[in-house]
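Shown next, in structure tokens, is the structure this report addresses.
Every chain is numbered from 1, with letters handed out A, B, ... down the list of sequences.
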Protein chains: 2
Amino acid sequence: MYNLQSVVQRLEEEGLRITPSRLAVVAAVLDLSGHFSVDDILSQVPEVGRATVFRTMKLLSEMDVLCRVLLDDGSLRYRVSQRQDHHHHLVCVSCASVQELDACIDPEVLNELARTTGYEIEGHWLEFFGRCTACRSDSA
Amino acid sequence: MYNLQSVVQRLEEEGLRITPSRLAVVAAVLDLSGHFSVDDILSQVPEVGRATVFRTMKLLSEMDVLCRVLLDDGSLRYRVSQRQDHHHHLVCVSCASVQELDACIDPEVLNELARTTGYEIEGHWLEFFGRCTACRSDSA
DNA sequence: TAGATTATTGATACCAAGTATCAATTACAC
DNA sequence: GTGTAATTGATACTTGGTATCAATAATCTA
């Protein structure tokens, strides 16, 4: 679980400078629990330039502070990572809630896939969509 | 396996008009075996307007003549479907080759996911990336 | 086969997400 | 406090896609 201090420390460890713009962006993303777009952050920190918000969010993604979340329409969002290892998401299609999942592709399936196709498997995208408990009871 | 005639028939069945622009776009996509972007098609049929190419490819996607292919960077491409039912892809990261797959998420995994998260699962994205046999031997 | 009608087109303008450029600024090490 | 290299933000650009709308043309029907 990240807070402003721990992210600042991560930035310092990477030899990056702590600037007001970066602090503002980090604080803004840490304030959100679901997924969000760059524009969501931009509207939270209008004093920071657009390019800088993009740059900072890219930085945070590379540092695994943020991860990218794929929506069902194929568009990408961001989210504060709870875990830094490989994982997938279950995204609510009604609200912006996201669950991080333990489940991944069975290694046996990957072997089978490599065997039958002749491909050397390098990676995969796996994201699930559904309606969270709260949204289900809202419309019930 | 589609050809120009069968797609034209599908269009007629949908009550859509057969226009030179549509024929040109359909012929262009049928000519490609791997995945492609709208701009790839645009450059094949410069006489057709940009909006019309987008519209036609959207149409063809809705008719399951084309399907969308997700790349590892999160960008979307298109591809002529070999099968009209739900399926996933294995995409070569070196060339544009795509394999359509039988494998899907184990229903038991979906049940388990619904049970542990309380979500009603509605869908998922699953795409695999790797290097195809040809590309592997090229760089070996 | 000629209209009439309605879908379709394509030019254009727009939007969203993201990158490249570059002069001006500023964090930080000394 | 100063030098310097990293960073910023304005701007322009790119890519992928949608909205608008007058002009056109595919098809239906008489």
Completion exercise
Scanning both residues in full, the closest heavy-atom pair of A:L101 with A:R83 reads O-NH1, 3.5 Å
Problem - Student check: side-chain heavy atoms of B:F129 and A:W125 closer than 4.5 Å - result: yes
Exercise for the section: Indicate the atoms forming the closest heavy-atom contact of A:C92 with A:R131, along with that distance. Expected result: SG-CA, 4.0 Å
Practice task
For the pair A:R68 and B:D73, find out whether any cationic side-chain nitrogen is under 4.0 Å from an anionic carboxylate oxygen.
Solution key: no
Problem - Any side-chain heavy-atom pair of A:L71 and A:V69 under 4.5 Å - result: yes
Practice task
Go through residues 10-23 of chain A and report each residue with a non-hydrogen atom lying under 4.0 Å from DNA chain D, sorted by number.
Solution key: A:L16, A:R17, A:T19, A:S21, A:R22
Problem - Heavy-atom closest contact (B:V91 atom, B:L70 atom, distance) - result: CG2-O, 4.4 Å
Fill in the blank from the handout: Heavy-atom nearest pair, B:R22 first then B:L59, reads NH2-CD1, 3.7 Å
Handout entry: Pair B:R17 + B:E12, salt bridge at N-O below 4.0 Å
Key = no
Handout entry: Nucleotide range of DNA chain D lying under 4.0 Å from chain A heavy atoms
Key = D:dA5 to D:dA10
Problem - Candidate list B:V29, B:L23, B:L60, test side-chain contact (heavy atoms from CB on, under 4.5 Å), partner B:V7, passing option - result: B:L60
Exercise for the section: Give me the residues of residues 27-41 of chain A where at least one heavy atom lies under 4.0 Å from an atom of DNA chain D, by number, or none. Expected result: none
Exercise for the section: Answer yes or no: is there a side-chain heavy-atom contact under 4.5 Å between B:E120 and A:C135? Expected result: no
Practice task
Look at B:D64 together with B:R10 and state whether they make a salt bridge at an N to O cut-off of under 4.0 Å.
Solution key: no
Handout entry: Pair B:Q99-B:C132, side chain to side chain contact (heavy atoms under 4.5 Å, CB included): steps then yes or no
Key = CA-CA 9 Å; B:Q99 300 285 318; B:C132 71; over 6 Å; no
Practice task
Please name the pair of heavy atoms, one in A:C95 and one in A:H35, separated by the smallest distance, quoted to 0.1 Å.
Solution key: O-NE2, 4.3 Å
Completion exercise
When every non-hydrogen atom of B:S21 is compared with those of B:T52, the smallest separation belongs to CB-CG2, 3.9 Å
Handout entry: side chain to side chain contact (heavy atoms under 4.5 Å, CB included) evaluation trace for A:F128 with B:T117
Key = CA-CA 12 Å; A:F128 294 92; B:T117 62; over 6 Å; no
Handout entry: Sole residue of A:D31, A:L32, A:L66, A:V26 in side-chain contact (heavy atoms from CB on, under 4.5 Å) with A:V80
Key = A:L66
Exercise for the section: Check each residue of residues 49-65 of chain A for a non-hydrogen atom within less than 4.0 Å of any atom in DNA chain C, then write out the ones that pass by number, or none. Expected result: A:R50, A:A51, A:F54, A:R55, A:K58
Practice task
Compute the angle between the rotation axes at the two ends of the helix from C:dT1-D:dA30 to C:dC30-D:dG1, each taken over five pairs, rounded to 10 degrees.
Solution key: 30°
Problem - Residues from residues 70-81 of chain A lying under 4.0 Å of DNA chain C - heavy atoms - result: A:R77, A:Y78
Problem - Distance-only side-chain donor-acceptor flag, A:H88 / B:H124, under 3.5 Å - result: no
